[in-house]
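Reading through the structure tokens given below for one structure.
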Protein chains: 2
Amino acid sequence: MSTYHHGDLPAALLRAAGRTLERRGLAALSLREAARRAGVSHNAPYRHFPDREALLAALAAEGFAMLGERLRGQPGREMGEAYVRFALQQPQRFRLMFGGLVPMTKYPELRNAAQGAYQALIEAFKELPRPELAAAAAWSLVHGLSQLLLDGHFTHTDREAFVRDVLGVVRFAQRAA
Amino acid sequence: MSTYHHGDLPAALLRAAGRTLERRGLAALSLREAARRAGVSHNAPYRHFPDREALLAALAAEGFAMLGERLRGQPGREMGEAYVRFALQQPQRFRLMFGGLVPMTKYPELRNAAQGAYQALIEAFKELPRPELAAAAAWSLVHGLSQLLLDGHFTHTDREAFVRDVLGVVRFAQRAA
DNA sequence: ACCTGAACACCGTTCAAGT
DNA sequence: ACCTGAACACCGTTCAAGT
């Protein structure tokens, strides 16, 4: 048994950090905590992540990959609901992805993951005259709805029905403005 | 000259914290930093704010009040653009308001400020058949657009035109679903 | 009431050192 | 290459004390 505790410490750190994130929130997520959970010294992580931000970037990229999968599995009409469901099921991950803590410009793999998820939306609007605008509007809509729900700005007894109703009230123009 | 440096230390702390927030970001915003800038000892703030979260709550409430004023001054059609403009002009404040760092349930004055801003939107949709749904959808749309722009997910040369186009592509159903 | 200084338990990050 | 322990400068928060 070697002195190296893990065949894959980066993966172990990501798993530990992901668990801490959803269970105890972003505030509790530190490099030291992840190291502790992975059973290594408090600065072993620096061999694999240059700083805390890099760990957050990796977690966010994971999140975009998960989101992309969820969306891609859905028929167009239900994609919006799938987006909101993801946000509500993984609130802390979702906040990390959009909290502005990690500049996408610094992490190409994060940008790629995000664009991958966006692609799923764009696909769904292929048939409309201005698909890129409709997709941007649709993303804005479902993203804003998710965020405002998470923040508690909408308080309705039947959340699912509310989501359906809000999404149902919107039409994307069939003709260029 | 008394030993109390301020007639209104809470206000001084809020001003200092607001400056730090927009200039150096949320990460640099600490109670100790605000105390330093206000010229008091590092735990004088605890006389006025029970903890860091309470200071953030006050800053967020200020933000919703500012946003409400911006919206109320606008004719319906331009309200959405005013919302996005606010987010782009005060990015750090905007993120604080929606970052999930402050649970609205714990701060009634925060909830009131947020609802005040929402009221401006609801007013604008009075004439539609289901105004509350249209307002919720409109808020979601402009909020999501703001957030995604801040995060750098949309990269367009002419930002203002893009915002107009995205908002222009959406219609709110004239008839109940 | 309001403010201070010392103290405690946490961080992120750096450095010199071990295998 | 990969990991460790000591160290530094920061936090939030609590406490006993001063005016």
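Throughout, a chain's letter reflects where its sequence line sits, starting with A, and its residues are numbered from 1. Scope of the values below: all heavy atoms of this structure, side chains included, with no hydrogens, waters or symmetry mates.
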Discussion item. Any donor-acceptor pair under 3.5 Å linking the side-chain atoms of B/Arg85 with those of B/Gln90?
Written reply: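 No donor-acceptor contact under 3.5 Å links the two side chains.
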Discussion item. Taking B/Asp8 first and then B/Arg15, would you say they form a salt bridge - that is, a charged N and a carboxylate O separated by under 4.0 Å?
Written reply: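 Result for this pair is no, no salt bridge flagged.
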Discussion item. List the residues meeting salt bridge (charged side-chain N to carboxylate O under 4.0 Å, His left out) with A/Glu53, not counting sequence neighbours, and say none if there are none.
Written reply: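 With neighbours one apart ignored, the set is A/Lys106.
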Measure the distance from [atom1] on [X] to [atom2] on [N] and round it to the nearest whole Å.
X	N	atom1	atom2	value
B/Asp51	D/dT13	CG	C1'	9 Å
A/Asp8	D/dC3	CG	P	10 Å
B/Arg47	D/dT14	CZ	P	12 Å
B/Glu33	D/dC11	CD	C1'	12 Å
B/Asn43	C/dG5	CG	P	9 Å
A/His42	D/dG5	NE2	C1'	7 Å
A/Arg52	C/dG12	CZ	P	6 Å
B/Tyr46	C/dC2	OH	P	17 Å

Item to complete: Begin from the C-alpha positions of B/Glu33 and B/Arg36 and carry the test salt bridge (Lys or Arg N to Asp or Glu O under 4.0 Å) through to its verdict.
Response: CA-CA 5 Å; B/Glu33 159 85 5; B/Arg36 240 177 273 129; 3.0 Å; yes
Worksheet item: Can you say whether the rings of A/Trp139 and B/Phe154 are parallel (under 30°), tilted (30 to 60°) or perpendicular (over 60°)?
Response: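 The arrangement is perpendicular - the two ring planes meet at more than 60°.
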Discussion item. Atom CD of residue position A/Glu160 - does it have more than 12 heavy atoms of other residues, nucleotides or ligands inside 6.0 Å?
Written reply: no
Worksheet entry | 5'-to-3' dot-bracket of DNA chain C (Watson-Crick, G-U; under 3.5 angstrom; crossing pairs as [ ]; | other strand) | ||.|||||...|||||.||
Worksheet item: Is the distance from OP1 or OP2 of D/dC11 to the nearest side-chain N or O of B/Ser30 less than 4.0 Å?
Response: yes
Discussion item. Closest-nucleotide mapping onto DNA chain D: is A/Ala44 or A/Arg32 further toward the 5' terminus? I mean the 5' end.
Written reply: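 Checking each residue's closest nucleotide, the 5'-ward one belongs to A/Ala44.
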